[in-house]
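Beneath this line is the structure, given in structure tokens, with notes to follow.
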Amino acid sequence: MKRTTLFAIGIVLLFCSFNVHKYYMSISHIEYVKKQKALQMVLRIFVDDLQLEINTINNSRIELATDREPKNADSIYYEYLKKHFEVAVNDSKINYSYIGKEYKEDIAIFYLEATNIASIQNIKIDNSVLCRSFPDQENIIKLNIHEKHKTYILDRYESTVRTEYQH
């Protein structure tokens with residue numbers, strides 16, 4: 001009897017370990033490089049989630065990170081990011097440049113930069129990336145400004161963070 005019970009518990013644990021829980025998250029690193037007067041941003045987003053979101057918004061069926069990726073994928077990404085990843089410095093919205101992207105396994109890594117930023121007294125980030133398609137989406141923001149490191153977790157209900165800096 002004990003052997004049968006242990007076997008049954010082992011089978012249940014085995015099947016429970018195959019229960020996949022999908023996490024929806026992105027990570028954004030934002031660093032102020034004082035010497036260059038530049039705000040450098042790196043966003044990491046799961047490709048399959050981003051593809052679903054873009055296809056839903058645009059009512060399209062594009063494939064990203066494949067040999068069938070459209071030639072204008074960078075402009076599609078940039079338009080999406082401009083709407084869902086906004087940055088304001090010293091209470092003024094900034095326009096950042098899209099430097100490019102690369103794929104590493106199942107993650108798209110985007111490189112963005114804003115120049116001519118003489119100083120930062122405050123920064124506001126509005127990150128609603130993937131929040132439309134995924135109610136449980138979390139967007140992690142890691143800031144390195146004036147050698148102060150701060151981390152925030154945003155979601156669909158609270159997609160904006162504002163922080164002050166004194167240097």
Side-chain angles (χ1 to χ4, degrees), residues 22-58 60 62 64-65 69-167:
K22 176 89 172 171
Y23 293 96
Y24 298 103
M25 67 177 358
S26 76
I27 299 177
S28 303
H29 293 266
I30 301 169
E31 182 171 358
Y32 178 60
V33 182
K34 187 175 182 175
K35 283 184 179 181
Q36 297 175 4
K37 296 181 181 178
L39 195 62
Q40 298 174 343
M41 299 161 275
V42 179
L43 283 71
R44 289 174 172 80
I45 305 171
F46 286 104
V47 173
D48 58 338
D49 297 341
L50 184 58
Q51 177 176 293
L52 177 72
E53 173 104 334
I54 288 173
N55 282 333
T56 300
I57 289 171
N58 296 336
S60 61
I62 63 172
L64 304 173
E69 180 175 86
K71 293 187 187 325
N72 67 337
D74 283 325
S75 64
I76 293 169
Y77 287 140
Y78 188 38
E79 287 304 311
Y80 177 80
L81 291 172
K82 285 192 300 186
K83 292 177 185 170
H84 299 280
F85 185 79
E86 296 179 351
V87 180
V89 172
N90 303 332
D91 300 317
S92 295
K93 183 179 174 185
I94 62 167
N95 294 315
Y96 52 76
S97 299
Y98 178 90
I99 305 301
K101 58 119 175 30
E102 68 178 317
Y103 300 117
K104 287 194 179 171
E105 298 176 17
D106 57 349
I107 296 176
I109 304 170
F110 298 100
Y111 301 95
L112 312 170
E113 184 176 52
T115 56
N116 299 319
I117 299 175
S119 67
I120 297 179
Q121 284 77 45
N122 62 63
I123 188 167
K124 178 180 162 188
I125 312 291
D126 186 5
N127 186 344
S128 61
V129 168
L130 303 180
C131 287
R132 178 178 180 195
S133 297
F134 304 103
D136 296 333
Q137 176 71 24
E138 291 183 337
N139 295 315
I140 299 169
I141 306 291
K142 297 176 80 70
L143 297 172
N144 181 7
I145 298 174
H146 301 306
E147 298 182 21
K148 294 181 178 134
H149 301 275
K150 297 181 180 184
T151 301
Y152 301 93
I153 299 175
L154 306 177
D155 59 28
R156 86 180 316 172
Y157 304 105
E158 192 165 333
S159 64
T160 303
V161 64
R162 184 178 191 280
T163 187
E164 301 283 330
Y165 290 93
Q166 295 182 14
H167 57 279

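Just so it is clear, the structure is predicted and the values come from calculations on it, not from any experiment. Worth knowing before you read on, the calculation uses all heavy atoms, side chains too, and leaves out hydrogens, waters and symmetry mates.
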Backbone of Ile27 reached by a side-chain donor or acceptor of Arg44 within 3.5 Å: no
Within this structure, what is the CD1-CG distance for the pair Ile107 and Asp49, rounded to the nearest 0.5 Å? 10.5 Å
Measure the shortest side-chain to side-chain distance between Asn116 and Lys37 over non-hydrogen atoms and say whether it is less than 4.5 angstrom. no
Pairwise side-chain contact, Val89 with Tyr32, heavy-atom cut-off 4.5 Å (strictly under): no
So, Tyr98 versus Tyr77, ring centres under 6.0 angstrom or not? no
Heavy-atom side-chain proximity of Lys124 to Thr160 below 4.5 angstrom: yes
Provide the closest heavy-atom pair for Ala114 versus Met41 in the form atom of the first, atom of the second, distance. N-CE, 4.0 Å
Look at atom CD of Glu147 and say whether more than 12 heavy atoms of other residues, nucleotides or ligands are closer to it than 6.0 Å. no
Please report the interatomic distance NE2(His84) to CD(Glu79), rounded to the nearest 0.5 Å. 10.5 Å
Answer whether the closest heavy-atom distance between the side chains of Tyr152 and Thr163 falls below 4.5 Å. yes
For His29 and Asn144, what are the C-alpha separation, side-chain angles and deciding distance, and is it a side chain to side chain contact (heavy atoms under 4.5 Å, CB included)? CA-CA 8 Å; His29 293 266; Asn144 181 7; over 6 Å; no
Can you tell me how far apart CG (Leu154) and OG (Ser159) are? Round to the nearest 0.5 Å. 7.0 Å
Can any side-chain N or O of Asn90 pair as donor or acceptor with the backbone N or O of Asn122 at less than 3.5 Å? yes
Would you please name every residue forming a side chain to side chain contact (heavy atoms under 4.5 Å, CB included) with Ser60, sequence neighbours left out? Asn55, Asn58, Ile62
Give me the atom names and distance for the closest heavy-atom approach of Ser26 to Ile45. CB-CG1, 4.0 Å
Tell me whether Asp106 contacts the main-chain N or O of Asp48 through its side chain, where contact means a donor paired with an acceptor under 3.5 Å. no
Listed partners of Lys104 passing side chain to side chain contact (heavy atoms under 4.5 Å, CB included), at least two apart: Glu102, Ile109
Please tell me whether Ser119 and Gln121 have a donor and an acceptor in their side chains that are separated by less than 3.5 angstrom. yes
Find out whether Glu53 and Ile57 are in side-chain contact, i.e. whether some heavy atom of one side chain is under 4.5 Å from a heavy atom of the other. yes
To the nearest 0.5 Å, what is the distance between CG (Asp136) and CG (Leu130)? 12.5 Å
Ile120 and His146 have their tightest heavy-atom pair at O-NE2, 2.9 Å
NZ-CD distance between Lys148 and Glu164, expressed to the nearest 0.5 angstrom: 11.5 Å
Are Phe110 and Phe85 close enough that some pair of their side-chain heavy atoms sits under 4.5 Å apart? no
Sub-4.5 Å side-chain heavy-atom contact between Asn139 and Cys131: yes
Test item: Leu39 and Ile123 side chains (from C-beta on) under 4.5 Å apart, heavy atoms: yes
In terms of heavy-atom contacts, Ile140 and Ile153 come closest through CG1-CG1, 4.2 Å
Counting heavy atoms not belonging to Lys150, are there more than 12 under 6.0 Å from its NZ? yes
With a sphere of 6.0 Å drawn around NZ of Lys83, does it hold more than 12 non-hydrogen atoms of other residues, nucleotides or ligands? no
Ignoring hydrogens, what is the shortest heavy-atom contact between Ala38 and Glu113? Give both atom names and the distance. CB-OE2, 3.6 Å
Mark yes or no: Lys82 above the aromatic ring of Tyr78, with NZ or CZ under 6.0 Å from the six-membered ring centre and no more than 45 degrees from the axis. yes
Measuring from atom OH of Tyr165 to atom CD1 of Ile145, what distance do you get when rounded to the nearest 0.5 angstrom? 4.0 Å
Taking all non-hydrogen atoms of both residues, which atom of Asp91 and which atom of Arg162 are closest, and how far apart? OD1-NH2, 2.6 Å
Could you go step by step and tell me if Met25 and Phe46 meet the side chain to side chain contact (heavy atoms under 4.5 Å, CB included) rule? CA-CA 8 Å; Met25 67 177 358; Phe46 286 104; 4.3 Å; yes
